[in-house]
Number of protein chains: 2
Amino acid sequence: MLEDRVERIRQILQAHNYKMTPQREATVRVLLEHEDRHLSAEEIFLLLKERVPDIGLATVYRTLELLSDLEIVYKVNFGDGVTRYDFRKEGMARHHHHLQCIRCGKVEEIHENLLADVEKLVEERYGFKVLDHRLTFLGICRECQEREEREKAAKEGAGSGTSEAASSRERGER
Amino acid sequence: MLEDRVERIRQILQAHNYKMTPQREATVRVLLEHEDRHLSAEEIFLLLKERVPDIGLATVYRTLELLSDLEIVYKVNFGDGVTRYDFRKEGMARHHHHLQCIRCGKVEEIHENLLADVEKLVEERYGFKVLDHRLTFLGICRECQEREEREKAAKEGAGSGTSEAASSRERGER
DNA sequence: GTGGTTGCAAACTATTTGCATCGTC
DNA sequence: GACGATGCAAATAGTTTGCAACCAC
């Protein structure tokens, strides 16, 4: 099964006059084996190092760019400054979406085809041929909602009122 | 009207113990005056230079980060390596979405509330409090569809068959 | 007056590119 | 054997940070 998919990609590469090198094959395998993970180039690079120890980071970027151009992988951007790469299921849109918590930054993935009707509408109304979509909901995850509820309750007792200021930003992510 | 909105933001800043400096006010005004534009930090910086000539780029980034934390602006990412900033309408989700062409890179904006029902479903099913969403359709815009149609027709005559290879990637964007 | 804010320059991070070398088809 | 692919190092691009001077409240 996995072999079939690797083989399929080899064919796509060859059909476009690209070579299937060990580095590219290893990259494809890493991607396939972590299909559910949204890996960054750096993470892929580290995983690859274990199998192809002297692969260069530039090669990883070049391979990912190539796979992206061939529409074999997606680039995904969670706004944390890193591009992540997702394997793309043959021909069809992904039908998976992200729930990103604006408090803790966690990204959860959900698998539902929420947008079939919406895509159709966009095609009809705007003459835009939809191949895929990226949908991210921004909000507050259940855990953070509960935590904030607790914190609010705790504050009811001791709150002075002044100076809740500029310190709440200090736990800046990125 | 514009003054009201600036004033409102001054209040939000003060309520969080931040000061409304000339630089911040100018930044807010630039954002308000280009509400429909998805400006990058660099673009905002250049626009600001005209009014506050010795403003520093770092200040622009810091201001935008602050406005983002206060949920006054959004960060938007089109995957071209630049973060863009959108003004956020008071309290409510934006209800505007993007059509991004994977050929020419152009981003068109559409204004429709496509997702009210979908948000409700996500809240119920995943306990995730949705504050906003980002929806980008990836596909091929009308112009590129037509251009490709033309190119394909032209090729019907002279096509050798071999070597359509690696050159189609050369017009790499970013 | 004081603590947040600024501008500048330097630092960082992610990604890209030039080039000599290498390896697949 | 040729031409695409690789690794390395250097270059870029976007963004962040340290710090002394500054200024809004």
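Sequence lines set the chain letters: A, B, ... in the order given, protein chains first and strands last, and positions in each chain run from 1.
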To the nearest angstrom, how far is [X] atom [atom1] from [N] atom [atom2]?
X: B/His16; N: C/dT5; atom1: NE2; atom2: P; result: 13 Å
X: B/Ile44; N: D/dG14; atom1: CD1; atom2: P; result: 14 Å
X: B/Gln11; N: D/dC25; atom1: CD; atom2: C1'; result: 16 Å
X: B/Leu64; N: D/dG14; atom1: CG; atom2: C1'; result: 13 Å
X: B/Leu46; N: D/dG14; atom1: CG; atom2: C1'; result: 14 Å
X: A/Glu42; N: C/dT15; atom1: CD; atom2: C1'; result: 11 Å
X: A/Leu48; N: D/dT6; atom1: CG; atom2: C1'; result: 14 Å
X: A/Arg24; N: D/dG4; atom1: CZ; atom2: P; result: 11 Å

Name every donor-acceptor pair, under 3.5 Å, that has one atom in a side chain of residues 46-57 of chain A and the other anywhere in the protein, sequence neighbours excluded.
residue	atom	partner	partner atom	Å
A/Lys49	NZ	A/Pro53	O	3.0
A/Arg51	NH2	A/Glu33	OE1	2.5

Which part of the nucleic acid, if any, lies within contact of A/Leu57, taking any heavy atom under 4.0 Å across all strands shown: a base, the sugar-phosphate backbone alone, or nothing? base
Looking at D/dT15, C/dT15, C/dT6, which one has an atom nearest to any side-chain atom of A/Val82? C/dT15
Close side-chain approach of B/Arg62 and B/Leu66, heavy atoms under 4.5 Å: no
Every protein N/O within reach of nucleotides 17-24 of chain D N/O, cut-off under 3.5 Å:
residue	atom	partner	partner atom	Å
D/dG18	O6	B/Arg62	NH1	3.3

Test side-chain contact (heavy atoms from CB on, under 4.5 Å) applied to [X] - qualifying residues, sequence neighbours left out:
X: B/Ser40; value: B/Glu42, B/Glu43, B/Val82, B/Arg84
X: A/Ala41; value: A/Tyr61, A/Leu64, A/Tyr85
X: B/Glu123; value: B/Val130

If you assign each of A/Thr63 and B/Arg84 to its closest nucleotide in DNA chain D, which residue comes earlier from the 5' end? A/Thr63
On a heavy-atom basis, which atom in A/Phe87 and which in A/Val28 lie closest, and how many Å separate them? CE1-O, 4.4 Å
Search all heavy atoms of A/Val6 against all heavy atoms of A/Met20 and return the closest pair with its distance. O-CE, 4.0 Å
Kindly compute the distance separating CG (B/Leu70) from CD1 (B/Ile9), expressed to the nearest 0.5 Å. 10.0 Å
Summary of salt bridge (charged side-chain N to carboxylate O under 4.0 Å, His left out) pairs that have at least one residue in residues 18-28 of chain A, sequence neighbours excluded: A/Arg10-A/Glu25, A/Glu25-A/Arg29
OP1 or OP2 of D/dG14 less than 4.0 angstrom from a side-chain nitrogen or oxygen of B/Ser40, does that happen here? no
At how many degrees, to 10°, do the end axes of the helix from C/dG1-D/dC25 to C/dC25-D/dG1 meet when each uses five pairs? 40°
